[in-house]
Amino acid sequence: MTAQPQHLTASPRTGGAVSLSSARLAYGERVLWDGLDLDIAPGEFVAVLGPNGSGKTSLLRVLLGLQRLTSGTVRVAGAAPGRGNRGVGYIPQQRALDPSLAIRGRDLVGLGLDGHRWGLGLTGRRDRAARVAAAIESVDAAAFADRPVGLLSGGEQQRLRVAQALVGDPSVLLCDEPLLSLDLANQRAVSTLIDARRREAGTAVLFVTHEINPVLPLVDRVLYLVDGRFRVGRPDEVMTSETLSQLYRTEIEVIRVRGQIHVVGAHSDLCEDNPHHDHEVG
Amino acid sequence: MANFFDFGLTLDLLRLPFVQLALVVAVVLGLLAGVLGPLIVSRNMAFSVHGTSELAFTGGAAALLLGWDIGNGALAGAIIAALVLGLLSRRSSEYDSVIGVVLAFGLGVGVLMLYFYKGRASNKFGLLTGQIVGQDFASFALLMACAAGVFAVLAVIYRPLLFASVDPEVARARGVPVTALALVFAVLVGVATALGVRTVGALLVLALMVTPAAAACRVTASPLRATVLSVLFALVSAVGGIILSLAPGAPISAFVTAISFVIYVVCWAVGRARGLTRA
């Protein structure tokens, strides 16, 4: 459970999949984070942790180009974030899709490939179908890809979400609590798919989560955000009583039990089982 | 009731130019409604279509009172309504109630305008329940231009619009301008609704804009197949409704709604039997 991947250290300044320097994000008086420097190397798996309102989702929004930094610079997949950045894949939280929605898993994956492009997309249908089929195959979803997506289980939907994010062959994968509301087996299935991708294709993964344990064996580095303070480092550096106590400015105890990490203290702030976060402001 | 199924009379009436014009209008409307319908259903916009059509009625009534072209009035009313409703967030809890409030007020204003209108009573009734007479060539040209415009815009925005309709969160993350598309789509729906008001009447535009697509979505989950079926159902409803209304001389909307409702019930049963719905 504690095996560390080999490529975690000394991420080069150039060629980083994600690169933030002196990044500051503030809403009026309220500073979510400031002076954030983060370089994520290709193939690296970075977990973003922290309580609600600490700016985890806002960081994702910055990398997706939905939110501008107050100051500092950001590069994602070698370009400015935003529309047309084809190097970015995105996996959202699992949310119950409307059972009556007239869309199949195959269509959902296809939209991940070219749904952002204008026009009807009448050319290259065969190539498109082949790429979509390959992505569906890679997450082992062929058996249910032609059923209405709203009728699928949460785990099945989330596997299709992985295919949807990967079908465009991204070099950076941004994940917003993708394991939330999945059972343990499906959490493992989905995180294994993400892990396989970054090992095979060198896709960098930025993984926002409340709960590090399901992905702990995969995590190279942790970015832990609390009230404008943050710490970046290996899990065994950041997830310690000393570091978290400094971040939370209160007594925190980190207990390791059978390869898992449990954070004790300041429950109302940690809220590991209180997942809702605000997409408009958070 | 005796001439309800008088086929001889129906055939005679089908030779009349204004009836043939109405049938062409029905085909165009069927195409428009059929293509827009699945997106309307995906976006849960049935009530907003109803609100838009009621404001198209208000615009038409105002035009009637002022002696302007009813079609232009309906178009203006529907586009204003579409812009207002399109600017409201779909997620907002106010959305439904604001539509209800605006719809009721618009309908009331329209009723007042009809009360002041001293012209032919059939014009008033026709605005609410549809008519085939009075489709002159000027309004026909407007219809064709509007329909062509809607299809042209749709051809450009279809893919991102579908993405934004079925999967808004990921679409936004992928850079699709979800909010702007909502506004553009609301205007497209407004234009189509206004055209429908002229034929089917303000009260029952839903029978063309929503019912065929809702029926199609009961039997398939493929967006392409849903669109093809929705167009087919809308064409059958619109054209069939006009043909059936000829002999009895009854309002078109009664037949359009009846046909589309039967199609919906059949599709619902088929979907149920094939396990395509959960409830």
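In what follows, chains are A, B, ... by sequence order, proteins preceding strands, each numbered from 1.
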**Request:** Identify which part of A:L108 has an atom lying under 4.5 Å from any heavy atom of chain B, answering side chain, backbone, both or neither.
**Result:** side chain
**Prompt:** What residues of residues 147-156 of chain B sit under 4.5 Å from chain A when you count only heavy atoms?
**Reply:** B:A155, B:V156
**Message:** Any heavy-atom pair between the side chains of B:E169 and A:Q93 that's under 4.5 Å?
**Reply:** no
**Request:** Kindly give the heavy-atom pair with the smallest separation between B:P160 and A:W118, and that separation in Å.
**Result:** CG-CE3, 3.5 Å
**Prompt:** Which residue pairs satisfy the salt bridge (Lys or Arg N to Asp or Glu O under 4.0 Å) criterion with at least one member in residues 153-168 of chain B, sequence neighbours excluded?
**Reply:** A:D114-B:R159, A:R161-B:D167
**Message:** For A:L120, which atoms come within 4.5 Å of any heavy atom of chain B: side chain, backbone, both, or neither?
**Reply:** both
**Request:** Counting only heavy atoms closer than 4.5 Å, note whether B:P38 contacts chain A via side chain, backbone, both or neither.
**Result:** neither
**Item:** Which atom of A:P92 lies closest to which atom of B:V170, heavy atoms considered
**Value:** CG-CG2, 3.5 Å
**Message:** Tell me the closest heavy-atom pair linking B:P223 and A:D107, and the distance in Å.
**Reply:** CD-OD2, 3.0 Å
**Request:** Let me know if B:A173 has heavy atoms under 4.5 Å from chain A in its side chain, its backbone, both or neither.
**Result:** both
**Item:** Shortest non-hydrogen contact between B:L162 and A:L111, atoms and distance
**Value:** CD2-CD2, 4.3 Å
**B:R174 side chain reached by A:Q164 side chain, heavy atoms, under 4.5 Å** = no
**Item:** Region of B:L181 in contact with chain A, defined by heavy-atom distances below 4.5 Å
**Value:** side chain
**Message:** Measuring from atom CD1 of A:I103 to atom OG of B:S42, what distance do you get when rounded to the nearest 0.5 angstrom?
**Reply:** 7.0 Å
